[in-house]
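All values below were derived from every heavy atom in this structure, side-chain atoms included, with hydrogens, water molecules and symmetry-related copies excluded. Given the structure is predicted, the values throughout are model-derived calculations rather than measurements. Both ligands and their constituent atoms are indexed starting at 1 by order of listing.
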Amino acid sequence: MTQKETLAAIAAGLLDGTLKVIDCTAPLGPDTPLLKLPPELADDTPKIEIHKISEYGDRGPFWAWNWLKLGEHSGTHYDAPHHWITGKDYPDGSVDTVDPQKFVAPANVIDCSKEAAEDPDFLLTVEHVKAWEAEHGEIKEGEWVLMRTDWDRFNGNEAAYLNADEHGPHTPGPTAEVIQYLMEDRKALGWGTQCIGTDAGAAGGFEIPFPAHNLLHKHNRYGLASLTNLDKLPPKGAILIAAPLKIVKGTGSPIRALALVAG
Ligand SMILES: O=C(O)C(=O)c1ccccc1S
Ligand SMILES: [Ca+2]
Ligand SMILES: [Mn+2]
């Protein structure tokens, strides 16, 4: 099949509905859960605000529009290499300089939903990833690897989504070795999760603090956080559209994550 025929088939599938578009994005507004870091360590992203400029009234008779107070790393969002000190020097490491060719790519979805339901501190290991590859096929260079935990079910309740106690947040994520493996052995495009960030909740206390951020961006690769509806994606075969806003020198951006899935 030629590229033209491939595109024509995609167009036909989109129009007749046999090629499904799955929304992998959480609602973005004042109720969006945001990361809470230890106050003695860091400042946090402020809550999202949506301010009305006009709504067909005396300040704009025929139109409605708002202005936003919005952090780059809010809701379903994209982490660019400049987000982390290990990626700070890449000339193509901010959201406005990442090659757009990287904004559409195949996705591997590793289902950890049962493990995460049993243990909120569940960590995906290289053994898990290799067992998954043995069943579904190898992760190929340039593909996304997404950790399905169905944590999006808590997204409407910030306390449940962050799941913190006196010891800190308890949310699932990867070991450092998994990210090392995906970056160095598989040359994956990046790593995505359904939790507040690409790292596990306890990752601040790991030997390499926040290893997913550290290693993804050290390798000039990308992260996705707060994804939804990964339960609607197959283990392999989906195409993920994950394009950040072209924020000048931006370290990340809220995105509308969309997956193309064969019907
Ligand atoms: O990239 C993020 O939004 C994120 O998860 C994060 C940001 C800053 C510090 C730690 C983390 S864990
Ligand atoms: Ca769902
Ligand atoms: Mn982020």
Side-chain angles (χ1 to χ4, degrees), residues 24-26 28 32-48 69-88 90 93-96 98 102-103 116 120-124 144-147 149 151-152 154-155 158-159 161-164 167-176 178-179 182-183 189-228 240 242-247 249-257:
C24 298
T25 314
L28 191 67
T32 295
L34 297 176
L35 178 74
K36 291 206 173 4
L37 292 164
E40 68 277 6
L41 172 72
D43 296 331
D44 283 327
T45 295
K47 292 297 278 179
I48 295 170
K69 180 177 175 183
L70 175 64
E72 292 171 325
H73 297 255
S74 302
T76 303
H77 73 274
Y78 184 101
D79 286 358
H82 283 185
H83 176 41
W84 219 252
I85 194 166
T86 50
K88 69 183 179 63
Y90 288 111
S94 53
V95 287
D96 57 332
V98 173
K102 299 182 190 303
F103 296 157
D121 288 309
F122 171 74
L123 295 178
L124 185 72
W144 284 109
V145 181
L146 309 178
M147 182 178 181
T149 53
W151 212 258
D152 52 329
F154 302 124
N155 193 278
E158 183 174 74
Y161 195 67
L162 299 177
N163 195 34
H167 304 296
H170 301 276
T171 52
T175 59
V178 158
I179 305 299
L182 294 179
M183 293 295 100
L189 176 65
W191 166 259
T193 72
Q194 296 191 271
C195 297
I196 195 75
T198 53
D199 271 298
F206 288 3
E207 190 179 343
I208 304 175
F210 304 111
H213 286 85
N214 183 303
L215 296 169
L216 281 169
H217 308 316
K218 176 181 173 185
H219 289 83
N220 200 16
R221 288 293 176 262
Y222 318 103
L224 299 174
S226 293
L227 292 167
T228 66
L240 186 70
L245 296 174
K246 200 167 184 176
I247 300 167
K249 299 192 178 73
T251 70
S253 156
I255 61 170
R256 190 67 182 260

>> Quick one: does any side-chain atom of S253 pair with a main-chain N or O of L245 as donor and acceptor, under 3.5 Å?
In response: yes
>> Which protein residues come within less than 4.0 angstrom of ligand 1, counting heavy atoms only?
In response: L35, L37, H73, H77, D79, H83, W84, G197, F210, H213
>> Before you tell me yes or no, could you show the steps for H73 and T251 under side chain to side chain donor-acceptor pair (under 3.5 Å), namely the whole-Å CA-CA distance, both residues' side-chain angles and the distance that decides it to 0.1 Å?
In response: CA-CA 8 Å; H73 297 255; T251 70; 2.8 Å; yes
> Looking only at side chains, do N163 and H170 share a donor and an acceptor under 3.5 Å apart?
Replying inline: no
> the Mn ion (ligand 3) to H213: any N/O/S contact under 2.8 Å?
Replying inline: no
>> So for atom CD, which belongs to E40, do other residues, nucleotides or ligands contribute more than 12 heavy atoms lying within a distance under 6.0 Å?
In response: yes
> Among side-chain atoms of S226 and Y161, is any donor-acceptor pair under 3.5 angstrom?
Replying inline: yes
> T198 side chain to G192 main-chain N or O, any donor-acceptor pair under 3.5 Å?
Replying inline: no
>> Need the atom name: nearest N/O/S atom of H73 to the Mn ion (ligand 3).
In response: ND1
> Mind checking whether Y78 and F103 have parallel, tilted or perpendicular rings, split at 30° and 60°?
Replying inline: perpendicular
>> Under 2.8 Å from the Mn ion (ligand 3) - does any N, O or S atom of D79 fall there?
In response: yes
> Would you find a donor on one side and an acceptor on the other, under 3.5 Å apart, between the side chain of D79 and the backbone of Y222?
Replying inline: no
> Has H83 got an N/O/S atom less than 2.8 Å from the Mn ion (ligand 3)?
Replying inline: no
